[in-house]
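Step one of this worksheet: look at the structure below.
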Amino acid sequence: MYVRHDLSASIKHFERASRHLARGVSSGIRAQQLPVPVTFSRGSGSALWDVDGNRYVDYTLAYGPLILGHSPDALIAAVSEQLRRGSTFGANHPLETELAEAICRTVPSAAMCVFSSTGTEAVQVALRIARAATGRRKVVKFLGHYHGWIDNVNLASYGETGPAPGSGGQDPAAMSSTVVCDWNDIGNLRSALDGDVAAVLMEPINVDGGCLHATDEYLRAGADLIRHNGSVLIFDEVITGFRVSLGGAQEKLGVQPDLTVLGKALGGGFPISAVAGRADIMAVVADGRVAHAGTYNGSAVAVAAALAVVTELERTAPEVYHRLGALIGRLAGILEETTKGTGVPLVVRHDTGVGHAFAGVTAVERYADTLEADTELYRRFTADLLAYGIHLMPKGILYVSTAHTDADLDFTADAIEAAVRPYR
């Protein structure tokens, strides 16, 4: 029997936070959660507990990084050991070399890499490298793809219909060198390429825009066009890196970029990102033409965490990816089957370990289909599920971890069944 969770303490905490923390949250997307942004006190494995003592099966996973779940033993051991040695040095340390070697060993296109702290930051590093390597200025991105909150790429992201800024306060001049194309349209890409395009930036699997896949023909033809144009192909694998396979989307799809941006799952919950790529392109950093700076670049604790994650995934692949694929497939099936014929019908697109759910549509094949979804209905439905112990991202992205179990999915199925009763 399910008892709806009481959120009294979270409500009080949010009211307190809102007095001195702008909007009451540290990242704006958290404010979308209904009835209130929940305040969590701890996490373990596949579960979270809030300040009211309620337990939730967590399919948000800190917006993707927790591929091993909350507080996994391997991560705790590695980070604890490094903390005893030092948290950060602002100088070289042995683990950063080991991590660079591990990335170049596992990511097919990587011969050399550099470290930063966030995916947003690493995207900018990749663009700077591409501009320095080509001597060009413009960047091509795709409608519905997200590459961070910096002005030059924070446009035409998920939910947008064109190249509009993603936030108030953005500098229009910063967007003047960014060209937006439609995903999976080779003619559109061909027309955008000219002698001033330094880079083409894409999510190889457009998770943020709906877990949308391009055709194999598009990716291969696009890569050929981009290289023939003398431009740099950048895969933003902040979400897909180490998640859809050990070598990321590029390994799974069989198409290698020139540069790859990594984050999220790489750190297992610690702030670290990387740009990895061909040695001849990364040479602009290696020889000092591109200044790559940052106080926390290669921070010892974050590197220790990342090395623990990559080591664990190497040890358990390919079994772990088969398991992640099965888990997300079952979760997608539960969401679709349980809501079928109700007032909140769901469609779920997914790939290994990640998915994207939509309410109020019968099918999602293209980005235009995602714009027909009822985002507010899904947001309300996530609030209903929250009351029964299921934590979902109101935006629609779903994540599973190696810590999720069949028992978690059984609990989820029962909770969804309870939550949809008012919609029947």
| Would you call Lys12 and Glu15 a salt bridge, using N to O less than 4.0 angstrom? | no
Mind listing the side-chain donor-acceptor pairs of residues 17-27 below 3.5 Å, one per line with the distance, residues two or more places apart or on another chain?
from	atom 1	to	atom 2	distance (Å)
Ser18	OG	Phe14	O	2.8

| query | Can you check whether Thr339's main-chain N or O pairs, donor with acceptor, with Thr342's side chain at less than 3.5 Å? | reply | yes
| message | When you measure from the side chain of Gln170 to the backbone of Ser167, do you find a donor-acceptor pair of N or O atoms at a distance under 3.5 Å? | response | yes
| query | Quick one: OH on Tyr423 to OG1 on Thr338, what's the gap to the nearest 0.5 Å? | reply | 14.0 Å
| task | Specify whether His147 and His145 have parallel, tilted or perpendicular ring planes, treating 30° as the upper limit for parallel and 60° as the lower limit for perpendicular. | result | tilted
| request: Taking the side chain as every heavy atom from C-beta outward, state whether Trp49 and Ser44 have any pair of such atoms under 4.5 Å apart. | output: yes
| task | Keeping the roles fixed (side chain from Asn184, backbone from Tyr218), state whether a donor-acceptor pair exists under 3.5 Å. | result | no
| Between Tyr158 and Tyr367, how do the two ring planes meet: parallel, tilted or perpendicular, split at 30° and 60°? | perpendicular
| Has the side chain of Glu160 got a donor or acceptor atom that lies under 3.5 Å from a matching backbone atom of Ala156? | no
| Are Glu237 and Arg243 close enough for a salt bridge, meaning some N to O gap below 4.0 Å? | no
| remark: In short, Asn54 meets His5 closest at the heavy-atom pair CB-CD2, 3.3 Å
| request: Before giving the answer on ring-ring contact (aromatic ring centres under 6.0 Å, His included), spell out for Phe40 and Tyr56 the whole-Å C-alpha distance, their side-chain angles and the decisive distance to 0.1 Å. | output: CA-CA 10 Å; Phe40 294 106; Tyr56 304 83; 5.6 Å; yes
| message | Between Asn152 and Gln124, is there a side-chain donor-acceptor contact under 3.5 Å, judged purely by atom types and distance? | response | yes
| note | Ser109 meets the side-chain contact (heavy atoms from CB on, under 4.5 Å) criterion, sequence neighbours left out, with Val107, Gln250, Gln256, Pro257, Thr260
| said: Less than 4.0 angstrom from a charged side-chain N to a carboxylate O is my criterion; do Lys395 and Asp208 meet it? | reply: yes
| Is the side chain of Ser299 donor-acceptor paired with the backbone N or O of Tyr296 at a distance under 3.5 Å, no angle test? | no
| query | Can you name the residues that form a side-chain contact (heavy atoms from CB on, under 4.5 Å) with Asn188, not counting sequence neighbours? | reply | Cys181, Asp182, Asp185, Ser191
| query | So, do Asp384 and Val344 sit near enough that their side-chain heavy atoms are less than 4.5 Å apart? | reply | no
| message | Does any part of the side chain of Val364, heavy atoms only, come nearer than 4.5 Å to the side chain of Leu212, both counted from C-beta? | response | yes
| query | Looking at side-chain heavy atoms only, is the closest gap between Leu346 and Tyr378 below 4.5 Å? | reply | yes
| request: Give the minimum heavy-atom separation between Ser116 and Glu121, together with the two atoms involved. | output: CB-CD, 3.6 Å
| task | Evaluate the side-chain proximity of Trp183 to Leu143: yes if any heavy-atom separation is below 4.5 Å, no if none is. | result | no
| Between Thr60 (side chain) and Ala62 (backbone), is there a donor-acceptor pair under 3.5 Å? | no
| query | Salt-bridged, Lys138 to Asp196, with N to O below 4.0 Å? | reply | no
| request: Mind listing the closest non-hydrogen atom pair of Cys211 and Val354 along with its distance? | output: SG-O, 4.2 Å
| message | Applying side-chain contact (heavy atoms from CB on, under 4.5 Å) to Leu68 and Leu313, what does each step give before you reach the verdict? | response | CA-CA 9 Å; Leu68 302 182; Leu313 293 175; 4.1 Å; yes
| query | So do Val57 and His404 actually touch side chain to side chain, heavy atoms under 4.5 Å? | reply | yes
| Check against side-chain contact (heavy atoms from CB on, under 4.5 Å), Arg128 and Val125 | CA-CA 5 Å; Arg128 181 176 289 185; Val125 173; 5.8 Å; no
| Taking side chain as C-beta onward, heavy atoms only, is Glu203 less than 4.5 Å from Thr240? | no
| field | Pairwise distance CG(Asp58) to CE(Met393) - rounded to 0.5 angstrom | value | 9.0 Å
| task | Run the salt-bridge test on Asp258 and Arg227 with the 4.0 Å N-O cut-off and return the result as yes or no. | result | yes
| query | Which heavy atom of Leu386 sits nearest a heavy atom of Pro35, and at what distance? | reply | CD2-CD, 4.3 Å
| note | Value for CG (Leu48) from NE2 (His391), rounded to nearest 0.5 Å, stands at 6.5 Å
| Pair Leu409-Leu331, side-chain contact (heavy atoms from CB on, under 4.5 Å): steps then yes or no | CA-CA 7 Å; Leu409 272 294; Leu331 177 61; 3.8 Å; yes
| query | With Arg289, which residues qualify under salt bridge (charged side-chain N to carboxylate O under 4.0 Å, His left out), at least two apart? | reply | Asp287
| request: Only counting residues at least two apart or in another chain, list the ones meeting side chain to side chain donor-acceptor pair (under 3.5 Å) with Asp406. | output: Arg323
| request: Kindly confirm or rule out a cation-pi arrangement of Lys252 over Phe242, judged by NZ or CZ under 6.0 Å from the six-membered ring centre and within 45° of its axis? | output: no
| query | Is a side-chain donor or acceptor of Ser273 paired with a backbone partner of Gly263 at a separation under 3.5 angstrom? | reply | no
| message | Looking at Arg330 and Asp410, is any side-chain nitrogen of the basic one under 4.0 Å from a carboxylate oxygen of the acidic one? | response | yes
| Straight-line distance of Ile29 CD1 to Ile397 CD1, nearest 0.5 Å | 7.0 Å
| query | Can you check side-chain contact (heavy atoms from CB on, under 4.5 Å) on Phe235 and Leu259, steps first, answer last? | reply | CA-CA 6 Å; Phe235 275 6; Leu259 295 175; over 6 Å; no
| message | Is the shortest side-chain heavy-atom distance between Ile103 and Phe115 below 4.5 Å? | response | yes
| field | Spatial distance of atom CG (Asp236) from atom CD1 (Ile205) [nearest 0.5 Å] | value | 12.0 Å
| task | Any chance you could lay out the side-chain hydrogen bond (donor to acceptor under 3.5 Å, both in side chains) test for Ser10 and His13, step after step, and finish with the verdict? | result | CA-CA 5 Å; Ser10 280; His13 185 274; over 6 Å; no
| said: Which heavy atom of Ala304 sits nearest to which heavy atom of Ala78, and what is that distance? | reply: O-CB, 3.8 Å
| Distance in Å, His356 NE2 paired with Ile328 CD1, rounded so as to fall on 0.5 Å steps | 11.5 Å
| message | Applying salt bridge (charged side-chain N to carboxylate O under 4.0 Å, His left out), can you list everything that pairs with Glu314, at least two apart in sequence or on another chain? | response | Arg105
| request: Determine the minimum heavy-atom distance between Leu7 and Asp50, stating which atoms define it. | output: CD2-OD2, 3.6 Å
| message | Determine whether a donor-acceptor pair (N or O, by modelled atom type, separation under 3.5 Å) exists between the side chain of Asn154 and the backbone of Asp151. | response | no
| request: Keeping the roles fixed (side chain from Thr405, backbone from Asp408), state whether a donor-acceptor pair exists under 3.5 Å. | output: yes
